[in-house]
Amino acid sequence: MKEMEKKKVLIGMSGGVDSSVSALILKKEGYQVIGATLELFTEDNDFSRDTHIDAQNVCNQIGISHYIYNCKKEFRKHVIEDFIKCYSNCKTPNPCIECNKYMKFGVMWEKAKELGCYYIATGHYAKTEYSKKYDRWVLKKSNAGKKDQSYVLWNIPKELISHILFPLAGFENKDEIREIAQKNKLKVANKPDSEDICFIPDGNYKRFLENNSYIKPKIGDIVDSKGNVLGKHTGLYNYTIGQRKGLGISHQTPLFVLGFNAERNEVIVGEESELYKKTITVRNINLLLVDEIKEPLEVEVKTRYSAKQAKAKIMQYGKDIEIIFEEPQKAITPGQSAVFYIDDIVLGGGIIS
């Protein structure tokens, strides 16, 4: 492959400062950069319009071409329908992980190949590099500490890692990114971060479910782990494991959501000590560092994006992985991801069952 062909990269442009600065960095490093914005959902609001306009303006400003791809059908199938299915089965999904797998590192890679690009890039805080130790390309943590986003990337295809660029891998905080944007007079330099699920910009996921699925409020019992009725709930999807506030029941000790009995339409609550688990199983696994786990392996595990890593041993049984933590972990939630790390390398992950 010619050197210039290897230098051609399609970068996902969300209209935010991270992806905008990433595109600028790649351009300055000599890559032939093409910007791409994926239209992902149908709601016609200021948020979705600003995404396209801001991305287009940045591309014009730094002198690269820009494409908009209508991916609403694929997004509905792979992300929104999974989101609804999880809540209907009393699980708490992470739609960003599904979006990364199917859209940003799925559909976008297909578009990149059509355009003759060797690489795709995003504004994620993560890192890819070739590991001599493992004789393969690996996904690693970035230098950004708490802002590291390797957790939400565990489900990308491992054969794609050598084709992924993360221009923000070496930065330690968002202030550095905004400073670059300001120095280069990018119009999005002071654009606030988006903290909510992209297809629910107002953050009201309960209303979204009620308006876009068969999930509706259905009153049932709140019970303790022995089956004693303590109160009423307004629908299982309104609660998540570990939740304490908003239960509407009084008790001599604080109570937390422990789980659900979907058949009986019950929310199960208990004391904080009952929230801890030492052993869990994950399914739908994706291993990036090895092809199979053939013997017990010592790793560190994150069970949600904001959680601290915890020491554990993992073992693969067919298509599932069992995790045994060194210390019991609090409020482990089905539907969330458990991601395995060896040092700063992402071994892989799976969905908590």
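Note: hydrogens, waters and symmetry copies are ignored here, and every other heavy atom, side chains too, is used.
By the salt bridge (charged side-chain N to carboxylate O under 4.0 Å, His left out) test, Lys174 pairs with Asp18, Asp193, sequence neighbours left out. When the side-chain contact (heavy atoms from CB on, under 4.5 Å) test is applied to Lys91, the partners found at least two apart in sequence or on another chain are Cys86, Pro334. Taking Gln316 as the reference, Ile285, Leu287, Glu292, Ile293, Ile321 meet the side-chain contact (heavy atoms from CB on, under 4.5 Å) condition, with sequence neighbours excluded. Residues passing the side-chain contact (heavy atoms from CB on, under 4.5 Å) test with Asp320, sequence neighbours excluded: Thr281, Arg283. Lys218 pairs by the salt bridge (charged side-chain N to carboxylate O under 4.0 Å, His left out) definition with nothing, not counting sequence neighbours. Under the rule for a side-chain contact (heavy atoms from CB on, under 4.5 Å), the partners of Asn143 that lie at least two apart in sequence or sit in another chain are Lys127, Glu172.
No side-chain heavy atom of Val138 sits less than 4.5 Å from a side-chain heavy atom of Tyr130. A 4.5 Å side-chain heavy-atom check between Ile323 and Thr279 finds every atom pair outside the cut-off. Looking at Leu10 and Lys111, their side chains come closer than 4.5 Å, going by heavy atoms from C-beta outward. Between Asn212 and Ile80, every side-chain heavy-atom pair lies at or beyond the 4.5 Å cut-off. In this structure, the side chains of Tyr125 and Phe166 stay at 4.5 Å or more apart for every pair of heavy atoms. Ile68 is listed as a side-chain neighbour of Glu39, based on a closest heavy-atom distance under 4.5 Å. Side chains of Glu159 and Ile161 form no contact here, defined as non-hydrogen atoms less than 4.5 Å apart. No side-chain heavy atom of Pro167 sits under 4.5 Å from any side-chain heavy atom of Tyr31.
Sorted pairs that involve residues 73-88 and meet salt bridge (charged side-chain N to carboxylate O under 4.0 Å, His left out), not counting sequence neighbours, are lacking altogether. Pairs engaging residues 221-230 under the side chain to side chain donor-acceptor pair (under 3.5 Å) rule: Asp221-Lys232, Asp224-Asn228, Ser225-Glu274 [sequence neighbours left out].
Each of Lys277, Arg304, Gln336 was checked for a side chain to side chain contact (heavy atoms under 4.5 Å, CB included) with Ile352, and the lone residue meeting it is Gln336. Put simply, the residue from Val9, Ile34, Ile11, Ile164 that forms a side chain to side chain contact (heavy atoms under 4.5 Å, CB included) with Ile120 is Ile164.
Within the hydrophobic cluster formed by Ile, Leu, Val, Met, Phe, Trp and Tyr side chains joined at under 4.5 Å, directly or through other members, Tyr317 is accompanied by Met315.
With hydrogens and angles disregarded, a donor-acceptor distance shorter than 3.5 Å links the side chain of Arg136 to the backbone of Leu289. Distance alone, capped at 3.5 Å, places no donor-acceptor pair between the His124 side chain and the Ala126 backbone. Judged purely by atom type and a 3.5 angstrom limit, Asn173 uses its side chain to pair as donor or acceptor with the backbone of Glu176. With hydrogens and angles disregarded, a donor-acceptor distance shorter than 3.5 Å links the side chain of Asn184 to the backbone of Ile180. A donor-acceptor pair is defined here as one N or O able to donate and one able to accept, closer than 3.5 Å; no such pair exists between the side chain of Glu114 and the backbone of Gly116. Remark: side-chain polar atoms of Gln61 are paired, donor with acceptor, to backbone N or O of Lys185 under 3.5 angstrom. Put simply, the side chain of Lys8 gets close to the backbone of Leu115: a donor and an acceptor are under 3.5 Å apart. Between the Thr234 side chain and the Ile219 main chain, no donor and acceptor come within less than 3.5 Å of each other. A donor-acceptor pair is defined here as one N or O able to donate and one able to accept, closer than 3.5 Å; such a pair exists between the side chain of His163 and the backbone of Tyr118. A donor-acceptor pair under 3.5 Å is absent between the side-chain atoms of Gln56 and the main chain of Ile53, judged by distance alone.
Using a 4.0 Å cut-off between a side-chain N of Lys or Arg and a carboxylate O of Asp or Glu, Glu110 and Lys113 qualify as a salt bridge. A salt bridge does not link Glu326 with Lys278: every distance from a Lys NZ or Arg NE/NH1/NH2 to an Asp or Glu carboxylate oxygen is 4.0 Å or more. Salt bridge annotation for Glu210-Lys216: absent, with no cationic side-chain nitrogen under 4.0 angstrom from a carboxylate oxygen.
Within 6.0 Å of OH on Tyr67 lie no more than 12 heavy atoms contributed by other residues, nucleotides or ligands. Within 6.0 Å of the NZ atom in Lys313, the count of heavy atoms belonging to other residues, nucleotides or ligands does not exceed 12.
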Table please: side-chain donor-acceptor pairs of residues 249-262 below 3.5 Å, with sequence neighbours left out.
{"residue": "His251", "atom": "ND1", "partner": "Thr253", "partner atom": "N", "Å": "3.4"}
{"residue": "His251", "atom": "ND1", "partner": "Thr253", "partner atom": "O", "Å": "3.3"}
{"residue": "His251", "atom": "ND1", "partner": "Thr253", "partner atom": "OG1", "Å": "3.3"}
{"residue": "Thr253", "atom": "OG1", "partner": "Glu271", "partner atom": "OE2", "Å": "3.4"}
{"residue": "Asn261", "atom": "OD1", "partner": "Glu263", "partner atom": "N", "Å": "3.2"}
{"residue": "Asn261", "atom": "OD1", "partner": "Arg264", "partner atom": "N", "Å": "3.1"}

Could you list the donor-acceptor pairs under 3.5 angstrom formed between side-chain atoms of residues 340-350 and any protein atom two or more places apart in sequence or on another chain?
{"residue": "Tyr341", "atom": "OH", "partner": "Ser150", "partner atom": "OG", "Å": "2.9"}
{"residue": "Tyr341", "atom": "OH", "partner": "Tyr151", "partner atom": "N", "Å": "3.3"}

If you look only at distance, which donor and acceptor atoms sit under 3.5 Å apart when one is on a side chain in residues 94-106 and the other is two or more places apart or in another chain?
{"residue": "Asn94", "atom": "OD1", "partner": "Cys96", "partner atom": "N", "Å": "3.3"}
{"residue": "Asn100", "atom": "ND2", "partner": "Cys96", "partner atom": "O", "Å": "3.2"}
{"residue": "Asn100", "atom": "ND2", "partner": "Val152", "partner atom": "O", "Å": "2.8"}

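With 3.5 Å as the limit, one finds no donor-acceptor pair spanning the side chains of Ser337 and Tyr305. With 3.5 Å as the limit, one finds no donor-acceptor pair spanning the side chains of Thr92 and Thr333. No hydrogens or angles considered: nothing links the side chains of Lys206 and Asn211 as a donor-acceptor pair under 3.5 Å.
Nearest heavy-atom pair across Ala310 and Phe325 is CB-CD2, 4.0 Å. Between Ala23 and Met13, the closest heavy-atom pair is CB-SD, 3.8 Å. Residues Ala55 and Thr37 approach most closely at CB-OG1, 3.3 Å, considering heavy atoms. Closest heavy-atom contact between Pro93 and Phe83: CG-CD1, 3.5 Å. Of all the heavy atoms in Ile215 and Ser88, the pair that sits closest is CD1-N, 3.8 Å. Contact detail for Ser19 and Gly12: the closest heavy-atom pair is CB-O, 3.4 Å.
Of the inter-residue distances, the one linking Cys117 atom SG with Trp109 atom CH2 reads 8.5 Å to the nearest 0.5 angstrom. Leu40 CG to Leu38 CG: the interatomic distance, rounded to the nearest 0.5 Å, is 5.5 Å.
The aromatic ring centroids of Tyr205 and Tyr237 lie 6.0 Å or more from each other.
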TODO: For side-chain contact (heavy atoms from CB on, under 4.5 Å), just list the numbers for Val107 and Tyr69, CA-CA rounded to whole Å, side-chain angles, deciding distance to a tenth of an Å, and then say yes or no.
DONE: CA-CA 10 Å; Val107 171; Tyr69 295 106; 5.9 Å; no

Open item on the list: Run the salt bridge (charged side-chain N to carboxylate O under 4.0 Å, His left out) test on Asp54 and Lys191 for me, step by step, so that the C-alpha distance in whole Å, both residues' side-chain angles and the decisive distance to 0.1 Å come before the verdict.
Closed with: CA-CA 10 Å; Asp54 289 344; Lys191 187 175 180 179; 2.7 Å; yes

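Val299 and Leu153 end up in different hydrophobic clusters when Ile, Leu, Val, Met, Phe, Trp and Tyr side chains are linked at under 4.5 Å.
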